[in-house]
Colleague: 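There's a structure below that I have some questions on.
What you are looking at is a predicted structure, and each value in this text was computed from that prediction instead of being measured.
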Number of protein chains: 2
Amino acid sequence: MESSRRKPTIKHIAEAAGVHPSTVSRALNGLPESRIPQETVDRIHKAAAELRYEPNPWAQSLRTKRAMMIGMAIPRFTDYVLAQMFEAAQIRAMKFGYHTLTAGAEVGGVDNVAIKGLIDRRIDGLILATAKIHDQYLPEIERRGVPFVLLNRKSADYPGVTGDDEVGGYLATRHLIDQGHTRIGHISGPTDVSTALNRACGYRRAMAEANLPVHSELIQQGTFDADSAGRAAANLLNLPVRPTAIFAVNDISALAAMSVARQCGLTIPEDLAVVGYNDSEVSSLLPIPLTSVRVSLQEMGSAAVDLLLALMNGETVESVVKAPQLIPRQSSVLSRS
Amino acid sequence: MESSRRKPTIKHIAEAAGVHPSTVSRALNGLPESRIPQETVDRIHKAAAELRYEPNPWAQSLRTKRAMMIGMAIPRFTDYVLAQMFEAAQIRAMKFGYHTLTAGAEVGGVDNVAIKGLIDRRIDGLILATAKIHDQYLPEIERRGVPFVLLNRKSADYPGVTGDDEVGGYLATRHLIDQGHTRIGHISGPTDVSTALNRACGYRRAMAEANLPVHSELIQQGTFDADSAGRAAANLLNLPVRPTAIFAVNDISALAAMSVARQCGLTIPEDLAVVGYNDSEVSSLLPIPLTSVRVSLQEMGSAAVDLLLALMNGETVESVVKAPQLIPRQSSVLSRS
DNA sequence: TATATTAGCGCAAACGATTGTGCAGGATAG
DNA sequence: CTATCCTGCACAATCGTTTGCGCTAATATA
């Protein structure tokens, strides 16, 4: 009995309500200055509801040049930190009627490709959670006129949202110093990622402040993952004079370090104190709960959306820096016995 | 010096190449039967490249009614299992030129709303990783004519990709029985999620096969998360006759169970053997590495995309079931001493 | 009563692509 | 030498909305 299988358009509504399509558009979009009597508006709404009308977003976007869509470039979703931020961002964006289109930056080989793909889909704005420090493509994106903000990556030139990694690194290291440690190793992250770099800076500042020397072998580089961190930890533990504490650039590195330490017959925290970063879900569930630095990833994700929307709105915006907080747990605190 | 700030359109290219817009379209889309001499095609491509032309996807979609976009409804991205599947799906989809539009199902309160939002954005197909078992909205989606497949959720009526949870549950339980355990507890998952239910079925089958009684108190319900699983574990461990082994519906539940067990002064695996499910990243890094059931989440994500594309292609498809595999580790195996 | 104002809505031109149809002109056939 | 065919492209309609403009009739003002 249904009159037609096709999706109803504004034209069908117009017919049903006995008005012109343009009137339907105005009525549905409800611009205040287009003075249409309430009675007509109601009639149109009724017709729209009956026909189960839904606007065609392609036509809308084509006409208005806005897609109500923001892109998020994220290297991996399996990374707890990134997933958390993405999820919060998506929820926040949807509050304002925006959908999120994602591109794993790894997808397509080069970051460029995936991001280009995103932009080609005509998004209204972009959140980059993937930008390495020396990014040749940031200017390129800027050139294309797409508003964007950085997330979890610091840049002097572009606005973004970050945690205060320097302070976080400082807090972690300072905590270990306060526990009486003097030889403190650091498992760092990739050198082209600002978060990792800043955490290392904080580490150095805390050490310097306490007049503790930082020999180069005390900093072993990893790449945020268990394998590399395990090797870095092994290097630290095999030093002639073994460090008694390790500050790892993230929790997974800390986990790997603890795993290696156990294999060396060391007990935690007596022989080795460990501090991680990001306070991921498992940290508190471990047999020896992990001390970690927490910064609200949800808040960062939300803030990135807010920042982007402001930017898209033509406002001048400033970068947001979220303060971190140390969550001391057993992995770095000797139980007073 | 740039002639125009606006995005170049097919019309500009036509002008530059001295042909009609329609010819440009045909040349760029390269249909074989539209016989355009190579020389002209080259000229058009050159002009397009010089003007840095990029097709407007809105106009394309409006005309062709295809968006080259598939939607994924996923409850949470912070869940390792879902994130893994999503990531693989996204990579796979992009191989075929499809972007992925996501909606966290929790977003918008009711699943319906978010999914409706997705569909309204005019996607070409939908992957549902969120469908509960008795889903009132599956027929609704079907009615709207959007091809869809289920992921990680079983249904008799609709095609989908799942791991063989029943077999997985069986393998896990059978493994514990083989280790000599006779009182084996199970921390289950939500009753309206097919994966959880099927794992419990596998548990029961293994128990029955070994003529082991399953008293109702041996199955304690959780909801996939640490808190509920912790309570469930406590219930199990406080039974008059304590089980000597626990099969948990997922790794996080297993972790929580181990954590509670330690608080009770039990050692693992001597006093309590534990098996989890999904073999998440941390399982092998734990001080006592966790025995778990692995099914390739990447393969499942990819398979869902393949299934969906086939469906969109009008092919008749059949559900895919991936076989699981037990990864025995120290948490359930007594070291032979 | 004549004129100015305004409310209410229709007209038609975009937006940028795709695609069925058709028209020249050269090649081939009869 | 004419009829036919094919090649290589141009024309124009269309997808579903939005929106500047302008028309008609009713009301307000002089």
Side-chain angles (χ1 to χ4, degrees), chain A residues 4-45 47-48 51-69 97 119-122 124 145, chain B residues 4-45 47-48 51-69 97 119-122 124 145:
Chain A
S4 152
R5 217 70 196 87
R6 304 186 42 65
K7 282 215 139 206
T9 76
I10 169 184
K11 202 172 265 184
H12 300 132
I13 301 194
E15 207 167 320
V19 293
H20 193 268
S22 62
T23 309
V24 174
S25 173
R26 284 184 243 263
L28 292 181
N29 292 345
L31 273 307
E33 68 268 28
S34 62
R35 314 66 40 100
I36 304 182
Q38 193 55 43
E39 188 263 328
T40 310
V41 171
D42 289 344
R43 188 155 36 95
I44 291 176
H45 270 113
L51 294 182
R52 294 165 159 281
Y53 167 76
E54 274 151 18
N56 182 323
W58 301 329
Q60 288 187 146
S61 294
L62 178 60
R63 189 63 234 256
T64 63
K65 300 189 178 315
R66 300 189 322 144
M68 295 306 284
M69 190 111 91
I119 297 178
D120 292 350
R121 292 324 265 186
R122 302 291 156 91
D124 301 326
Chain B
S4 151
R5 217 71 198 85
R6 303 188 41 65
K7 283 216 136 203
T9 75
I10 185 180
K11 200 172 266 182
H12 300 133
I13 300 193
E15 207 167 319
V19 293
H20 193 269
S22 62
T23 309
V24 175
S25 173
R26 283 186 242 263
L28 292 181
N29 292 344
L31 274 306
E33 68 268 28
S34 62
R35 315 63 42 101
I36 305 183
Q38 193 56 41
E39 189 264 330
T40 310
V41 171
D42 289 344
R43 189 154 36 93
I44 291 175
H45 270 113
L51 294 182
R52 294 165 160 279
Y53 167 75
E54 272 152 18
N56 181 321
W58 302 328
Q60 286 186 144
S61 294
L62 178 59
R63 188 63 234 256
T64 63
K65 300 191 177 317
R66 300 190 321 144
M68 296 307 284
M69 188 111 88
I119 297 178
D120 292 350
R121 292 325 266 185
R122 302 291 155 88
D124 301 327

Colleague: For the pair made of CG in B:D42 and P in D:dG8, what is the distance, rounded to whole Å?
Modeller: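 Value for this atom pair: 14 Å.
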Colleague: If I take atom NZ in residue B:K7 and atom C1' in nucleotide C:dA14, what distance separates them, rounded to the nearest angstrom?
Modeller: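 The distance from NZ of B:K7 to C1' of C:dA14 comes to 19 Å, rounded to the nearest Å.
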Colleague: Closer to the 5' end of DNA chain D via nearest nucleotide, is it B:I36 or B:L62?
Modeller: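 Closest to the 5' end, via its nearest nucleotide, is B:I36.
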Colleague: Can you name the residues that form a side-chain hydrogen bond (donor to acceptor under 3.5 Å, both in side chains) with A:S25, not counting sequence neighbours?
Modeller: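 For A:S25 there are no side-chain hydrogen bond (donor to acceptor under 3.5 Å, both in side chains) partners, ignoring immediate neighbours.
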Colleague: With sequence neighbours excluded, what pairs up with A:D42 under the side-chain hydrogen bond (donor to acceptor under 3.5 Å, both in side chains) test?
Modeller: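 For A:D42 the side-chain hydrogen bond (donor to acceptor under 3.5 Å, both in side chains) partners, ignoring immediate neighbours, are A:Q38.
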Colleague: Taking side-chain contact (heavy atoms from CB on, under 4.5 Å) as the test, write out the residues that go with A:A17, two or more places apart.
Modeller: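 A:A17 satisfies side-chain contact (heavy atoms from CB on, under 4.5 Å) with A:V19, A:R43, A:I44, A:A47 once adjacent residues are dropped.
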Colleague: Using whole Å, report how far CG of A:N29 lies from C1' of D:dG20.
Modeller: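 Between C1' of D:dG20 and CG of A:N29: 16 Å.
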Colleague: What are the two closest heavy atoms between B:L62 and A:A59, and how far apart are they?
Modeller: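 B:L62 and A:A59 have their closest heavy atoms at CD1-CB, 3.9 Å.
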Colleague: Go through residues 52-60 of chain A and report each residue with a non-hydrogen atom lying under 4.0 Å from DNA chain D, sorted by number.
Modeller: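 Residues of residues 52-60 of chain A that come under 4.0 Å of DNA chain D are, in numerical order, A:Y53, A:E54, A:P55, A:N56, A:A59, A:Q60.
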Colleague: By the 4.0 Å heavy-atom rule, please label A:T40 as base, sugar-phosphate, or nothing.
Modeller: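 Counting heavy atoms under 4.0 Å across all strands, the contact made by A:T40 is with sugar-phosphate only.
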Colleague: List in numerical order all residues of residues 14-25 of chain A for which some heavy atom is under 4.0 Å away from an atom belonging to DNA chain D.
Modeller: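 Within this stretch, A:S22, A:S25 sit under 4.0 Å of the strand.
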Colleague: Separation of B:H12 atom NE2 from C:dA17 atom C1', in whole Å?
Modeller: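 So the NE2-C1' distance, B:H12 to C:dA17, works out to 13 Å.
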Colleague: Here's a test of your reading of the structure: between B:K65 and B:P37, which maps to the more 5' nucleotide of DNA chain D?
Modeller: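 The residue mapped nearer the 5' terminus is B:P37.
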Colleague: Using whole Å, what does the distance between atom P of nucleotide C:dG10 and atom CD1 of A:I44 come to?
Modeller: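 Atom CD1 in A:I44 sits about 8 Å away from atom P in C:dG10.
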Colleague: Nearest-Å distance, CE (A:M68) to P (D:dT17)?
Modeller: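 Taking atom P of D:dT17 as the reference, CE of A:M68 is at 17 Å.
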Colleague: Mind checking side-chain contact (heavy atoms from CB on, under 4.5 Å) for A:P55 and listing every partner two or more places apart, or none if nothing turns up?
Modeller: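 A:P55: side-chain contact (heavy atoms from CB on, under 4.5 Å) contacts with A:Y53, A:Q60.
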Colleague: Without decimals, in angstroms, what is the distance between B:R66 CZ and D:dC15 P?
Modeller: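 Rounding to the nearest Å, CZ of B:R66 and P of D:dC15 are 18 Å apart.
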Colleague: Considering residues at least two apart in sequence or located in another chain, which fulfil the side-chain contact (heavy atoms from CB on, under 4.5 Å) criterion with A:K11?
Modeller: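 Only A:T9, A:P21 meet the side-chain contact (heavy atoms from CB on, under 4.5 Å) criterion with A:K11.
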Colleague: Kindly give the atom pairs (protein nitrogen or oxygen, nucleotide nitrogen or oxygen) under 3.5 Å for nucleotides 22-25 of chain C.
Modeller:
none

Colleague: Just by distance, do the side chain of A:D124 and the backbone of A:A67 share a donor-acceptor pair under 3.5 Å?
Modeller: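 Checked: pair present.
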Colleague: With rounding to the nearest 0.5 angstrom, report the CD1 to CG distance, A:I10 to A:L51.
Modeller: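 Going from the CD1 atom of A:I10 to the CG atom of A:L51 covers 12.5 Å.
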Colleague: Listed by chain and number, what are the side-chain hydrogen bond (donor to acceptor under 3.5 Å, both in side chains) partners of A:S22, not counting sequence neighbours?
Modeller: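 Residues passing side-chain hydrogen bond (donor to acceptor under 3.5 Å, both in side chains) with A:S22: A:H20.
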Colleague: State which residues pass side-chain contact (heavy atoms from CB on, under 4.5 Å) with A:E54; sequence neighbours excluded, sorted by chain then number.
Modeller: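 So A:E54 forms a side-chain contact (heavy atoms from CB on, under 4.5 Å) with A:K7, B:K116, B:D120, B:R122, B:R144.
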Colleague: Could you tell me the separation between the OG1 atom of B:T23 and the CD1 atom of B:I13, rounded to the nearest 0.5 Å?
Modeller: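 Separation between the atoms: 12.0 Å.
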Colleague: Per the atom types in the model, does the base of D:dG20 pair as donor or acceptor with the side chain of A:R26 at under 3.5 Å?
Modeller: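 Flag set: donor-acceptor pair detected.
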Colleague: Quick one: pull up NE2 in B:H45 and CG in B:L28 and give me the separation to the nearest 0.5 Å.
Modeller: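 Rounded to the nearest 0.5 Å, the NE2-CG separation comes out at 5.0 Å.
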Colleague: Whole Å only: how far is the CD1 atom of B:I13 from the P atom of C:dG16?
Modeller: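 In whole Å, C:dG16 P and B:I13 CD1 are 13 Å from each other.
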